[in-house]
Every structure is written in structure tokens, then in C-alpha cells.
Amino acid sequence: MSPPPPRPRLAVAALSFALVAVASYALQRLWDARTEPPPGAVLLQTTIPYYWRVAMALLHGLGAATLAGLALDRDAALRWLSRAPWLVPLVVLPALLAMVLRP
Amino acid sequence: MTGALFSLLERLHGHLAVLGLAVLVHPLLSLRLRPGLSPRTRLSAELAALLLGLSYAAGWLLYPSYRQQVKPPLRLHAMDLLLRFETKEHLALMTLALALGGAVVLRAAGASPEGRRAAWWLLAAALVCGLCTGGLGMLVAAGGAPAF
């Protein structure tokens, strides 16, 4: 069975979704950490911050995926896909380190 | 949520995550060692993303009960573990986003070398984040056993 023909625009949309969701979550968390109340403070919260951050990160990821999927043509999408070997570590490693160092 | 349901979901959450990470190794090795893309490689990437997604969904359901029942004692007695748990939650989302992205890239553009390379990097990043998540999960579950 031969593989289906490549759909690079969908692939670059998925790449954008993953990277933007990761970056968005990490940045939101770092922002929240700056303004976080001290441990033990009694708070009445209307939202669960973690759920809120996840929802926002997914929305940002979906927005970036839509933009990338619509704006790039096939050749540009393939060019962006070929940049993944440095783009993925560039986004993921700082985010991973930031989340480990600043829980 | 009852204690029994909490325990059941907690175990399901952990076991599905371990299974998802184990399945994730197959497309990583296969993409690196074999030319082209086999349907099984694509399928195992999608299965890994599905298992990690199910694990994440179980964690999502557990989170409100964790905040109400487990987090307060951890905050009092084991602040370090609490912070590690928070890191685990952050990394879990990153793992899921990267695994989903990798599986979709492989499905959409696995026929091209650029697509396979991009998928490999996304899946490899998902595995790294997932292993950190799993390690922290085990650490927290072991250290906070009475609270859990």
C-alpha cells in the first residue's frame, strides 16, 4: 500500500499548533508566577488557573495552526517543515527548563 | 468524586501515560532506522498520541479533587512535592501537544522526508517531556502517598 500524498500545509499547521501551544503555556505560567499570591493565602477564585492556561494555550495553538495552514503555500510549508530540527528544540527546551526551574 | 473513583482514575492516568510513552518509542526508532514510512509507524504514533490524550483526560478529571483534597495537606507538609506536581502538570500539557502535533505531521506529510523529520523531532520532544512528567509523577505519588 503506497503512502498518501503529502499535505504539507496540514503538517505545518500541526507543527505550529504544537509549538505555539507549548510556548504560550510556558509564557502564561511564567507570567502567573510573577503575580502569584504567597502559599497559604486564602483566595476565592472563579477559575482554576491551570484549566485557564491550558484553554488559552490550546486556543493560541489552534489560531496559529489556522493562520499557518491558510497563509502558507505548499512550497513554503515544506520549507517550514524542514526547519523543524532546529525550531522544535528552540521552543521546547527553554520551555521545559523554565517549567522545571519555576514550578 | 469518591475515594475509590479517585484511586481508579489515578492509576488509569499513570498506566495509560506509561503505555503511551512506551508506544511512542516505536515510531521514533522506526523513523530513524528505516527508509520511508510504514503504515504501522504512522499507526503507532497515532496510538501513542491517543493513549497520552486519554491519560491527560483522566488527569484533567482528577485535578479538581486533587486541588480540594490532596493539595492542602501537601502544601502543609511537603511543599517540594507540591511544586514538583505543578511542574508535572505543565510538562504533561507540553507532552500531549507535541505528541498530537507529531502524529498529525506524520499523517499529513509522512510521505516526504521533511515531514518525517519534523514528525520525528516533535515526537522526540514529546518523549523527553513525557519521561520528565512520568518521573515527576512517580516521585510525587511515592512521596505524597498518604495524601494521595
Side-chain angles (χ1 to χ4, degrees), chain A residues 1-26 28-30 33 39-40 45 48-51 53-54 57-58 61 65 69 74 77-89 91-93 95-103, chain B residues 36-39 41-42 56 59-60 63-64 66-67 71-72 74-76 79-80 82-126 128-129 132-133 136:
Chain A
M1 191 174 71
S2 63
R7 286 174 289 168
R9 290 171 67 193
L10 176 59
V12 90
L15 177 70
S16 310
F17 165 79
L19 296 183
V20 170
V22 165
S24 165
Y25 184 89
Q28 287 182 74
R29 174 61 201 141
L30 290 176
Q45 290 175 310
I48 296 178
Y50 178 66
Y51 283 3
R53 281 194 299 271
V54 170
L58 295 181
R74 191 182 165 85
L78 275 174
R79 273 199 306 279
W80 274 102
L81 280 182
S82 66
R83 291 174 187 149
W86 59 266
L87 206 53
V88 173
V91 173
V92 175
L93 283 180
L96 176 68
L97 281 177
M99 295 301 95
V100 170
L101 296 174
R102 190 70 184 89
Chain B
L37 173 71
S38 74
T41 301
R42 212 172 47 212
Y56 191 82
W60 186 269
Y63 195 70
Y66 157 79
R67 271 172 62 89
K71 200 172 180 180
L74 281 184
R75 175 169 277 155
L76 283 177
M79 194 63 190
D80 279 358
L82 175 67
L83 294 176
R84 295 283 79 88
F85 185 91
E86 296 297 320
T87 302
K88 178 185 97 68
E89 296 306 294
H90 307 326
L91 298 185
L93 174 77
M94 290 167 56
T95 305
L96 180 62
L98 292 164
L100 278 176
V104 175
V105 168
L106 206 55
R107 164 69 56 178
S112 69
E114 293 91 349
R116 287 197 295 279
R117 209 172 304 124
W120 188 87
W121 278 95
L122 284 169
L123 296 175
V128 170
C129 291
C132 294
T133 309
L136 288 170

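Letters A, B, ... mirror the listed sequences (proteins, then strands); counts begin at 1. We use all heavy atoms of the structure for the numbers below, so side chains are in, but hydrogens, waters and symmetry mates are not.
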Q) Take atom CH2 in B:Trp120; do more than 12 heavy atoms of anything else shown fall under 6.0 Å from it? A) yes
With sequence neighbours left out, the residues meeting side chain to side chain donor-acceptor pair (under 3.5 Å) with A:Gln28 are A:Ser24
Chain B shares the most heavy-atom pairs under 4.5 Å, among A:Leu10, A:Val12, A:Leu19, with A:Leu10
Most heavy-atom pairs under 4.5 Å with chain B, out of A:Leu101, A:Leu87, A:Val92, A:Leu93, belong to A:Val92
Q. Should the ring pair A:Tyr51 and B:Trp60 be called parallel, tilted or perpendicular, given that the plane angle runs from 0 to 90° and is split at 30 and 60?
A. parallel
Scanning both residues in full, the closest heavy-atom pair of A:Val54 with B:Tyr56 reads CG2-OH, 3.4 Å
Smallest heavy-atom separation, A:Val100 atom then B:Arg84 atom, equals O-NH2, 3.3 Å
Cut-off 4.5 Å, heavy atoms of chain B, and the answer for A:Arg9 is neither
Honestly, the part of A:Ala57 sitting under 4.5 Å from a heavy atom of chain B is side chain
Bottom line for B:Pro64: the part with an atom under 4.5 Å from chain A's heavy atoms is both
In this structure, SG of B:Cys129 is separated from CE of A:Met99 (nearest 0.5 Å) by 11.0 Å
Show me, pair by pair, the donor-acceptor contacts under 3.5 angstrom made by side chains of residues 89-105 of chain B, not counting sequence neighbours?
from	atom 1	to	atom 2	distance (Å)
B:His90	ND1	A:Tyr25	OH	2.6
B:His90	ND1	B:Glu86	O	3.4
B:His90	NE2	A:Arg29	NE	3.3
B:His90	NE2	A:Pro103	O	3.0
B:His90	NE2	B:Glu86	O	3.3
B:Thr95	OG1	B:Leu91	O	2.8
B:Thr95	OG1	B:Gly130	N	3.2

Practice item. Walk me through it: do A:Arg7 and B:Arg107 pass the test side chain to side chain contact (heavy atoms under 4.5 Å, CB included)? Key: CA-CA 9 Å; A:Arg7 286 174 289 168; B:Arg107 164 69 56 178; 4.2 Å; yes
